[in-house]
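To start, the structure under review is shown below, and the notes come after it.
Just so we're on the same page: letters track the sequence lines, and every chain starts at 1.
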Amino acid sequence: MRTRTLSVCLLVFLLVAGIFIAGCTNTSAQAGTGVNAPVVTQGASSQGSAAAVAGTGKMLKFGELWLITGFDPMNQGVFITEKAIVTESLISADENFRLIPNLATSWKQTSPTTWEVKLRDGVKFHNGKPMTAEEVKFSLDRSVKLNSANGVLMDYKSCRVIDPLTVEITTNKPNPILPEALHYPNMAIIHPDSLDANGNFSKPIGTGAMVFDSFDAQTRTFTVKKNPNYWGGPVSLEGMIISGIPDSNSRAMAIEKGEVDFTVDVPMNEVKRIDALPNVNVETYLTPRVYRMVVNFNRTPLQDKRVRQAISLAINRTDIVNDVLYGVGGPARGIYIPKMAWFNQNLQQLPYDPVKAKALLAEAGYKDTNGDGIVEKDGKPLTIDLVSAQERPGLPPMAEAIGDSLRKIGIDAKVEIMASAASTDRQKAGSYDLVMSPSNIAMVPDPSYIMEQWYMTGGYQNYGKYSNKTLDALIQDAKETTDKTERYRKFNELEVYVLDDLITIPIADYGCTIAKKDSVKGYKFDPTAHDLRMDAGMTFTG
Amino acid sequence: MHYYLAKRLGFLVLTILAASVLAFVLLHAVPGGSAETIARHTLVGLEDSVSDEVLTQVSQQYNLADPLWKQYITWLSGIVMRGDFGASFVYLDTPVASLLSLAIIPTLVLACTSMLIVIALGIPLGIYSAIHENSPGDLVIRCATVVSIAFPSFWVALMLILVFSLTLDWLPVTGYGTPANLVLPATALALHPTAVVIRIVRTSMLDTLGQQYITFAIAKGLSFKNIVWNHAVRNALIPVVTLLGVYFGHLLAGTVIIENIFAWPGIGKLLVDGVFSHDIPVVTSCIVVIVTLFLLVNLGVDLLYHVIDPRIRYE
């Protein structure tokens, strides 16, 4: 039959072409894989084993926020330390952002630039070897050498082993928040056997409640199992199968379909519906992140404090939280969030008063002289260019709502929504009046971090180029204060100062939603984590 | 023949080069600095600010201070000399070549499965439709093809999910590794080309059946079955093979959308993830791979003509 010959020809061609091309790239890449080769399992085999384990009904399927692009703590600490909980930092923090012991039991400043850190006795790595000062020095040296951002955060110079359970860390300049920087997940402690013979990172051997099991490079699925010898006591969670689902609608569908048992940040308008599903519940928490507006101080109208006040007064923060964020978040009271130990508890929600806003504009010389609804000064209308990135779902509608509020008090507000890379470029070029920003306010659990970066002259997140010598001196003084009570008191005063001057305009506190099956019990949220921290103390019965 | 082959291969290489230059230049024109992208993905947090120290470290590590043409040459010579597609801006531990080798198999599996569906359904249904011209069966097939051609594949994909996953709960929405995961994406991808193939086969068959040699064969007293299978089909399928070749390229392109809807870990998903995370080496490499596949398939189809119809010669 000629037709058969024909279709066979065609099939053979297709398949041979396919296999040939696949084969080619495969061989060329095998040599380059190197780093991950020993731990990577491919495709169906590990899927099968994962499914088999899931059959026991105890492995928790966790739909992560980001794609899993790596799991070396020196740069992927947020994933491997906080989400996979395979590795741990020396120091931990309680829900009010106060430091508590973890792998380190105590720490003290022995000179302006040196810190002595005592390590916990009896902690074992997943390979059974004890954790000592040697591994701590190895991990910190390595994290700074490979990632200069870690070095900047700690102001790290060197680490010296004093005895098996004591290290001395030296900083370049006096750094009162070195312990806070050690809380950062990138500074997690790993065993040197985590590296292969060539010194490349191959698999994470940490001290955490979960032990690394496998990573499927094709589907980027990461599996961990419980650590039976955890120093912190028995672990109730059997293990986790973690996969990254970067799209929030897909995460919602995954939890609804039962493809994951635990996920984070479902779309805000879906929270009520998902919470009402029979086997799923949604919890909302505040995380150390705020929605705020960066003010460009190179623009003449915005240099006038009354204009900035008018803008802030025009915004109805309660409505924004309820209608734009669907209640996921809270109206801003200050630049920090209320749970933080250094938050100024005397602060009230920022007021909404459009009448007063108009009065302030008039006082600053802006009046509507031609009756077009827009205020003018010296014949020029007051135009505000409000730029917003589109990536976080709350941002674009929030920017639109604020633009509308500003138009109501007579400001000609132009709202521009764009990709975050483009909005960052605009910020750097200074071609904006206001930029919406969802900013992290606690890279490390201390108030100085954002105060310095946002408000000091030359701070690298001071995009608005604000400069005030008095404030610079006050921040410098507060930053160098070591006594915690005194330090927090100074930052309380500073919080009032920067709010009064409205150097940046806070809008709302950022909410994080956790959607999980009802059979996940006892989950405790850690507000100091950078997205969320998984909790080995929870139980999951399938 | 040899001259023809050399000419075609020469054009193939030129086309790939042109595509890679275009992709490289266009991506560098997109806002957002490369050093900042790398730093955010691999060193600090995704939305955190990057200090100058870190930017300097990254710029040096990835040779970003070099002029664009030099960066391109470095990248290209890496591919040609060592099969090294460079370092990803996002995956610090995995070179682009490994990412591609992991992603290409799922894409080829998906595209080949769809192709098999297209061949297995398209050709027989087209022949049936032609032989039974204007019968009720022919009408149903023709209506179905018009509808299928009108629906874009992403819409079909979403509807398939809605019906077979969310409502009936027969098949998984996303995932990879089991045949059940393959059913919906392959179907969504195959529907449109299948419809086109049915119509082309039908037209071509009708055209062939009207030829004089068929009339002669009938007059000679051959059975209708014999005429259809031994005389008509082979001639009628020549334009179909061209079409299948072109559509294999379309299937590869179509996987970009379908893979993202079904979270299928192939080249298309790698490409789109790369676009979103501004991962220039990954995006340019994906484009080069897709263009190469497309061109190779087209070349293969052109060469296949000779096998089907020995009258065709290459000059």
Side-chain angles (χ1 to χ4, degrees), chain A residues 1-3 6-7 9-11 13-15 17-19 21-22 25-26 28-33 35-36 42-44 47-48 66-67 69-70 72 75 78 147-149 151-152 200-201 217-220 245-246 250 253-254 257 259 419-422 424-425 438-440 443 453 460-461 530, chain B residues 30-32 36-37 39 41-49 51-54 57 83-84 90-95 97-98 100-102 104-106 108 112 115-116 119 123 165-166 172-174 176-178 229-230 233-234 237 241 244 248 263 265 273 278 289 293 296-297 300 304 307-308:
Chain A
M1 299 285 281
R2 284 162 196 172
T3 19
L6 180 75
S7 43
C9 261
L10 208 77
L11 255 175
F13 163 69
L14 280 172
L15 295 178
I19 292 161
I21 294 157
T25 7
N26 218 2
S28 66
Q30 282 299 316
T33 318
V35 183
N36 284 336
Q42 284 198 4
Q47 283 275 315
W66 310 104
L67 274 184
T69 57
D72 184 341
N75 71 330
V78 171
N147 184 349
S148 52
V152 173
N200 291 323
F201 184 80
Q218 199 142 46
T219 55
R220 308 209 80 84
I245 312 177
S250 306
M253 195 152 77
K257 276 280 288 169
E259 286 174 5
S420 96
T424 309
D425 278 6
S439 314
N440 186 319
M443 279 279 276
Q453 302 308 340
Y460 67 77
Q461 292 193 57
H530 295 78
Chain B
V30 171
E36 194 152 333
T37 308
H41 277 101
T42 61
L43 299 178
V44 302
L46 268 181
E47 276 157 316
D48 293 314
S49 305
S51 63
D52 292 339
E53 284 108 318
V54 178
Q57 182 206 353
D84 173 9
V90 173
Y91 301 89
L92 194 63
D93 301 328
T94 326
S98 315
L100 288 173
S101 75
L102 285 170
I104 196 148
I105 297 162
L108 289 177
C112 289
M115 203 63 207
L116 289 179
I119 296 169
I123 296 178
S165 298
L166 295 181
V173 180
T174 60
Y176 175 73
T178 63
W229 291 109
N230 290 341
V233 167
R234 189 154 175 169
L237 284 189
V241 173
L244 286 178
F248 191 73
D273 287 344
H278 206 78
V289 169
L293 281 176
L296 282 178
V297 170
L304 203 64
V307 180
I308 302 168

Worksheet entry | Which atoms of A/Asn147 approach chain B - backbone, side chain, both or neither, heavy atom under 4.5 Å | both

Practice prompt. Could you tell me which non-hydrogen atom of B/Ala97 sits nearest to which non-hydrogen atom of B/Gly83, and how far apart they are?
Written response: CB-O, 3.8 Å

Practice prompt. Side chain from CB out, backbone as N, CA, C, O: work out which of these in A/Leu67 comes under 4.5 Å of a heavy atom of chain B, or both, or neither.
Written response: side chain

Worksheet entry | Toward chain B, the part of A/Val78 with a non-hydrogen atom under 4.5 Å | neither

Response to the item:
Residues passing the ring-ring contact (aromatic ring centres under 6.0 Å, His included) test with A/His530, sequence neighbours excluded, are A/Tyr184

Item to complete: Check side-chain hydrogen bond (donor to acceptor under 3.5 Å, both in side chains) between A/Gln453 and all other residues, then give those that pass, not counting sequence neighbours.
Response: none

Worksheet, complete the sentence: Separation between OG1 (A/Thr69) and CG (A/Asn75), nearest 0.5 Å, reads 7.5 Å

